[in-house]
Structures are given as C-alpha cells and as structure tokens.
Amino acid sequence: MSSVIDPARLQTLNDRPILSGRFVLYWMQQSQRAEWNHALEFAVAEANRLHLPVVTLFAFDPNYPEANLRHYQFMWEGLVETADRLHRRRIGFVLRLGPPPELVVRLAQDAALVVCDRGYLRHQRRWRREVALHSGRRVVQVESDAVVPVDEASLRQEYAARTLRPKLLRLLDRYLTPVPSSAPRFPAHSLEIPGEDFTRPGWIDRLGLDRSVAPVTAYFRGGTSQAKLRFQHFLEQQLAGYASLRSQPQLTGGSTMSPYLHFGQISPLYLAMEVRRRAAAPADSEAYLEQLVVRRELSLNFVERCSDYDRYSGLPAWARATLERHRPDPRPAIYDLDTLEAAATSDPYWNAAMREMTGTGFMHNHMRMYWGKKILEWSPDPQTAFERALALNNRYFLDGRDPNSYAGVGWVFGLHDRPWGERPVFGTVRSMTAAGLERKCDILGYVSRIQRLIAGGGEVPPDAGGPAIG
DNA sequence: ATCGGCTCGCGCAA
DNA sequence: TGCGCGAAGCCGAT
C-alpha cells in the first residue's frame with residue numbers, strides 16, 4: 001500500500017484484494033472538499049501506482065437522517081465547487097441520487113479499489129461496514145476530518161476534556177503537517193460514467209426534499225472558497241484577542257467554521273495550521289486550538305465510543321441521578337415546543353438566541369449553552385428537554401447532526417462536566433441564569449446585534465460576498 | 001470586586 | 001488510599 005499518507009490515518013475495512021478495474025473509486029461522504037483531503041490524495045496516489053484514473057462518487061441521499069432544505073442547499077453549493085475543482089485536476093466526479101451504500105457498491109463493481117473518508121456517527125459507520133462487506137474489493141478508509149486520528153488519541157470513552165487534552169496535545173505537532181498531494185497521471189475524462197447533471201440551477205428543487213426549514217443563503221454560502229474567505233477574515237479581524245473575547249456574544253460569532261467543518265468543506269488541519277502560523281499571541285492560538293482540536297475531538301471520541309450518544313441514556317450516571325431526584329421540582333415556567341420554536345418565551349436573551357438559530361442557521365457558542373440550559377429548566381422533565389434540545393439543534397443549525405451537536409447538547413445535561421452546587425430542577429448539573437449573562441457580557445448588545453442581523457439580512461464578510469457557485 | 005463552597009470521578013503520587 | 005482539580009455555573013459572605 002502507498003505510504004504517502006500517514007498510516008495512522010488509514011484503516012483497511014475488509015480483507016478483499018485490489019482487483020483489476022477501470023478506476024480507483026473515491027467514495028466522498030464526510031470530507032466534501034477537493035483540497036487538504038487525505039482520502040482524496042490517498043486515492044490519487046494509489047491510482048497513479050495502479051495506472052488508473054480516480055473517480056469520485058458522491059451519493060446524494062434525499063432521505064438523509066434529519067436533513068432539510070437548509071442543510072441540502074448549503075451542501076449542494078459546496079458540492080458544485082468541489083466537483084469543478086476535481087474536474088480541473090482531471091479527477092472524475094459523479095453525483096448519484098439514492099442510499100449511499102447501494103450506490104457505492106454498484107459503482108465499485110468497475111473499480112480496482114475503493115477509498116472512503118471517515119465519519120463517526122452511527123449511520124456513517126454502518127454505511128462503511130456495508131460497503132466493505134458487499135463491494136467485493138478492498139475498501140480503505142482514510143481519516144481526514146480529525147487533526148489527531150481518533151484511535152491514536154484514545155481508545156476509550158473519555159470522561160472529560162481534561163482527560164483527553166494531554167493525549168491530544170502530546171500528539172499535536174506530529175499531525176500538524178500538510179497533506180501530501182500529487183498530480184493524477186491518468187485523467188478520468190474518457191470514462192464517461194453517468195451521473196446527475198446536478199450543477200444546473202434549480203436541480204435541487206426537483207428532489208422532493210423536506211422544505212419545512214428555509215435556506216439561509218443571506219448568511220452562509222456553502223463551499224471551500226467561502227470557508228477560506230471567512231476564515232481569512234477571522235484571522236485578520238478577530239484572532240487577536242480571541243482568548244479574552246470569545247465568550248462575548250455581542251461582538252461576533254467567532255470563526256463561524258462549524259457549518260463548513262460539518263460538511264467537510266474545510267479541513268480542520270488547514271484551520272489549525274493557519275491559526276498556528278498567523279496568531280501573534282500564543283494565548284489566542286491556544287484558545288482557538290482548544291475549540292478546534294480539544295473540544296471538537298472530544299465530540300468525535302464521544303460519538304465513536306458511546307453507542308447511546310444521541311440518547312438520554314448516554315449521559316453520565318451522576319447527572320441522570322441528580323436530574324431524576326429533581327424531576328418533581330416546580331419549574332419557573334414550562335413552555336411547549338411551539339412556544340420555544342417561535343422564540344416566544346418571556347426571556348428576551350433566550351428569544352434572541354432562538355431567532356439567531358432559526359433565522360441564520362447558527363448561534364454564538366456561549367449562547368448555545370445558555371439556550372440549552374433554559375430548555376432543561378423549562379421542560380416538564382429532563383428526558384423531554386433532551387429530546388427537544390437535540391431536535392431543535394438538528395433541525396435549524398447548519399452544523400446540526402454533527403458530533404459536536406451530541407456532545408454539546410449532552411454537556412447541557414452534565415456530559416463532560418462536573419457537579420456543582422445543588423439547585424432546583426438542575427440538581428448538581430451546572431446551571432446558567434440571565435443574571436449571569438448580564439454579569440459577564442453585554443447581553444443587550446447581543447440582543448441588538450441579532451435584531452440588526454435578522455433585519456439586515458446578513459453579515460457575510462464583505463470580501464466573502466463573491467459567488468460560490470458557477 | 002473577589003473568594004470559597006457546592007459535588008463527583010479521574011489520574012497520578014505515594 | 002489520598003489528593004488535586006476540572007468549559008464558561010451560582011450564591012452568599014467579605
């Protein structure tokens with residue numbers, strides 16, 4: 001096997017041989033980008049070695065779990081750009097409609113080898129198992145959406161950030177290296193593999209997708225080039241002082257990379273290396289890497305190692321026990337789901353956060369915590385609160401349904417945290433209050449920032465206004 | 001304004 | 001076995 005990619009990022013998922021075939025198939029799923037993609041570059045290197053072209057397949061699944069038009073629109077914008085970038089490199093890109101494992105197994109019948117990227121959620125792991133089982137040729141998984149590969153970082157479910165942090169930081173320098181890239185020697189043009197004509201405008205509107213949540217194109221345009229423009233803006237305007245200002249939601253939303261990371265449109269390795277390169281103060285670089293590497297990869301560890309990552313039963317025992325003891329406590333208010341969704345509670349700070357979420361597909365990280373804590377406080381019982389928070393999270397956020405979603409909602413209920421002083425409803429699970437927001441940040445400034453944002457229809461950085469499409 | 005107490009479990013020192 | 005300490009908590013005492 002080719003050694004251009006660090007072997008720690010590779011897993012051979014079956015014991016099938018490499019066969020003779022017309023191409024090397026790269027099944028793109030998690031890492032939806034044409035650069036800084038270890039899986040893609042591994043496929044290119046293997047194809048060159050085997051004297052074959054590379055064909056990329058993206059299986060566009062109109063029934064993807066919990067996906068609606070907001071998510072699909074953003075993903076589609078990214079795929080249009082990625083397909084164009086791959087064609088320019090003489091790498092094939094085919095998009096087909098349907099369930100991923102079936103489509104991959106079918107196209108794999110003409111391939112010598114199947115290369116896939118790595119995803120950590122239940123259905124992503126299941127899909128890869130099925131492809132490995134039924135494709136009949138070797139399937140190699142290449143991990144490109146973690147800075148430190150999850151199995152290198154830790155083989156156990158970590159209890160908290162403090163137990164994973166030293167393991168990650170020990171390995172960080174070793175993995176902060178660019179992705180080796182080589183030119184494909186055998187172009188894919190002549191293969192003529194049929195696929196959807198998906199780049200034409202309006203294509204997405206004919207798919208019968210769940211249209212109940214509107215796209216947020218005034219705030220976020222999908223695609224690698226959009227992600228990079230945004231990130232350069234962040235590096236220039238907001239990285240200096242990030243360590244002290246990141247919990248001030250009145251200022252900005254942070255780097256806003258989470259939607260792009262969720263769809264694999266940007267590489268976390270690229271972000272980490274850029275921050276290291278550009279930060280003037282080590283404290284700012286460390287604070288950003290704490291989010292991008294420590295907290296994000298704690299989420300990967302959680303969904304990979306905890307089979308109940310999306311269920312109340314996945315919370316730590318001490319948290320479930322204390323919440324259970326406080327189940328009978330009177331709540332200050334109980335809102336139904338419609339009232340929450342309509343941002344019609346009596347808390348203006350929470351309502352602003354909810355409007356940011358429904359209106360823009362994003363929320364400042366600090367407000368995500370407050371938002372969740374209040375849902376716990378305002379629901380009839382903790383299980384219902386958990387289900388509501390996760391459902392709203394996954395429905396409205398562009399980065400919903402991400403490992404970060406499950407760890408983030410879980411944190412509200414005590415996951416990766418520790419007990420604190422006992423309080424009504426929360427028990428010893430950490431609480432948050434409106435008075436705390438008033439004490440620690442300019443929360444009225446946040447409310448008016450969101451009002452302006454929703455009224456003005458967008459705060460896409462001016463230099464990032466260029467088209468991601470076409 | 002700042003500080004300690006609240007409470008659990010992990011990891012390390014002993 | 002003991003001890004320090006941890007995603008951003010809150011509250012009351014000084």
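Below, each value reflects all heavy atoms present in this structure, side chains not excepted, and no hydrogens, waters or symmetry copies. Chain naming here is simple, since letters A, B, ... match the order of the sequence lines and numbering starts at 1 in each. Note that this is a predicted model, so its numbers are computed, not measured.
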Q. With a 4.0 Å cut-off on heavy atoms, is W318(A) in touch with a base, just the backbone sugar-phosphate, or nothing at all?
A. sugar-phosphate
Q.
Using a heavy-atom cut-off of 4.0 Å across all strands, would you classify R423(A) as base, sugar-phosphate, or nothing?
A. sugar-phosphate
Q. Between R305(A) and D151(A), is the closest basic N to carboxylate O distance under 4.0 Å?
A. yes
**Q.** Integer-rounded Å distance: dG6(C) C1' and L164(A) CG
**A.** 14 Å
**Q.** Main-chain N/O of R327(A) paired to D381(A) side chain as donor or acceptor, under 3.5 Å
**A.** no
(Q) Whole angstroms only, please: what is the CG-P distance between L289(A) and dA7(C)? (A) 16 Å
Q.
Could you check whether E130(A) pairs with R126(A) (Lys NZ or Arg NE/NH1/NH2 to Asp/Glu carboxylate O, under 4.0 Å)?
A. yes
Q | Nearest-angstrom distance from the residue atom CZ of R430(A) to P of dC10(C) | A | 9 Å
Q. Nearest-Å distance, CG (D417(A)) to P (dC10(C))?
A. 12 Å
Q | Separation between the P atoms of dC3(C) and dG5(B), rounded to whole Å | A | 16 Å
Q) So does R423(A) pair up with D329(A), basic N to acidic O under 4.0 Å? A) no
Q) Could D442(A) and R449(A) be called an ion pair, given the rule that one side-chain N must be under 4.0 Å from one carboxylate O? A) no
Q: Could you give me the CA-CA distance, side-chain angles and deciding distance for F362(A) and Y219(A), then say whether ring-ring contact (aromatic ring centres under 6.0 Å, His included) is met?
A: CA-CA 9 Å; F362(A) 187 84; Y219(A) 302 93; over 10 Å; no
(Q) Under 4.0 Å, heavy atoms only, any strand: does Q291(A) hit a base, just the sugar-phosphate, or nothing? (A) base
**Q.** For chain A, the stretch of DNA chain B it reaches, first to last nucleotide, under 4.0 Å of its heavy atoms
**A.** dC6(B) to dG11(B)
Q) Between D284(A) and G241(A), is there a donor-acceptor pair closer than 3.5 Å when you use the side chain of the first and the backbone of the second? A) yes
**Q.** Evaluation steps, side chain to side chain donor-acceptor pair (under 3.5 Å), between H71(A) and E66(A)
**A.** CA-CA 9 Å; H71(A) 308 117; E66(A) 293 184 272; over 6 Å; no
Q | Contact under 4.0 Å: R165(A) side-chain N or O vs dA7(C) OP1/OP2 | A | yes
Q.
Measure CZ/R439(A) against P/dG12(C) and give the value in whole Å, please.
A. 11 Å
Q: Could you tell me whether A161(A) contacts a base, only the sugar-phosphate backbone, or nothing, with contacts defined as non-hydrogen atoms closer than 4.0 Å?
A: sugar-phosphate
Q) Are R368(A) and W411(A) in a cation-pi contact, defined as NZ or CZ under 6.0 Å from the six-membered ring centre and within 45° of the axis? A) no
Q.
If I take atom NZ in residue K373(A) and atom P in nucleotide dA7(C), what distance separates them, rounded to the nearest angstrom?
A. 14 Å
Q. Over how many whole Å does the gap from W411(A) atom CH2 to dG6(C) atom C1' extend?
A. 13 Å
Q.
Under the side chain to side chain donor-acceptor pair (under 3.5 Å) test against Y446(A), which residue among Q250(A), E356(A), H364(A), Q248(A) passes?
A. E356(A)
Q: Determine the interatomic distance between P on dT7(B) and the same-named atom on dT1(C); round to the nearest Å.
A: 24 Å
(Q) Using atom P in both nucleotides, what's the gap between dG4(C) and dG4(B) to the nearest angstrom? (A) 14 Å
Q. DNA chain B: stems of at least 3 consecutive Watson-Crick or G-U pairs, cut-off 3.5 Å?
A. B:1-6 with C:9-14, B:8-13 with C:1-6
Q) Near DNA chain C, under 4.0 Å by heavy atom, which residues of residues 167-176 of chain A? A) none
Q: Please report, rounded to the nearest Å, how far the P atom of dC10(C) is from the CD atom of E377(A).
A: 11 Å
Q) Does R165(A) come within less than 4.0 Å of E290(A), counting only side-chain N to carboxylate O? A) yes
Q) Are the side chain of S431(A) and the backbone of F426(A) linked by a donor-acceptor contact shorter than 3.5 Å? A) no
Q) When all nucleic acid strands are considered with a 4.0 Å heavy-atom cut-off, which category describes S247(A): base, sugar-phosphate, or nothing? A) base
Q.
Just to be sure I understand the rule, does R368(A) reach a base, reach only the sugar-phosphate, or reach nothing, if contact means heavy atoms closer than 4.0 Å?
A. nothing
(Q) Would you say T433(A) places a side-chain N or O within less than 4.0 Å of OP1 or OP2 belonging to dC10(C)? (A) yes
Q) Can you find an N or O donor on one side and an acceptor on the other, under 3.5 Å apart, linking the side chain of R295(A) with the base of dA7(C)? A) yes
(Q) I'd like to know if D117(A) pairs up with R9(A) as an ion pair, taking the criterion as any Lys NZ or Arg NE/NH1/NH2 lying under 4.0 Å from an Asp or Glu carboxylate oxygen. (A) no
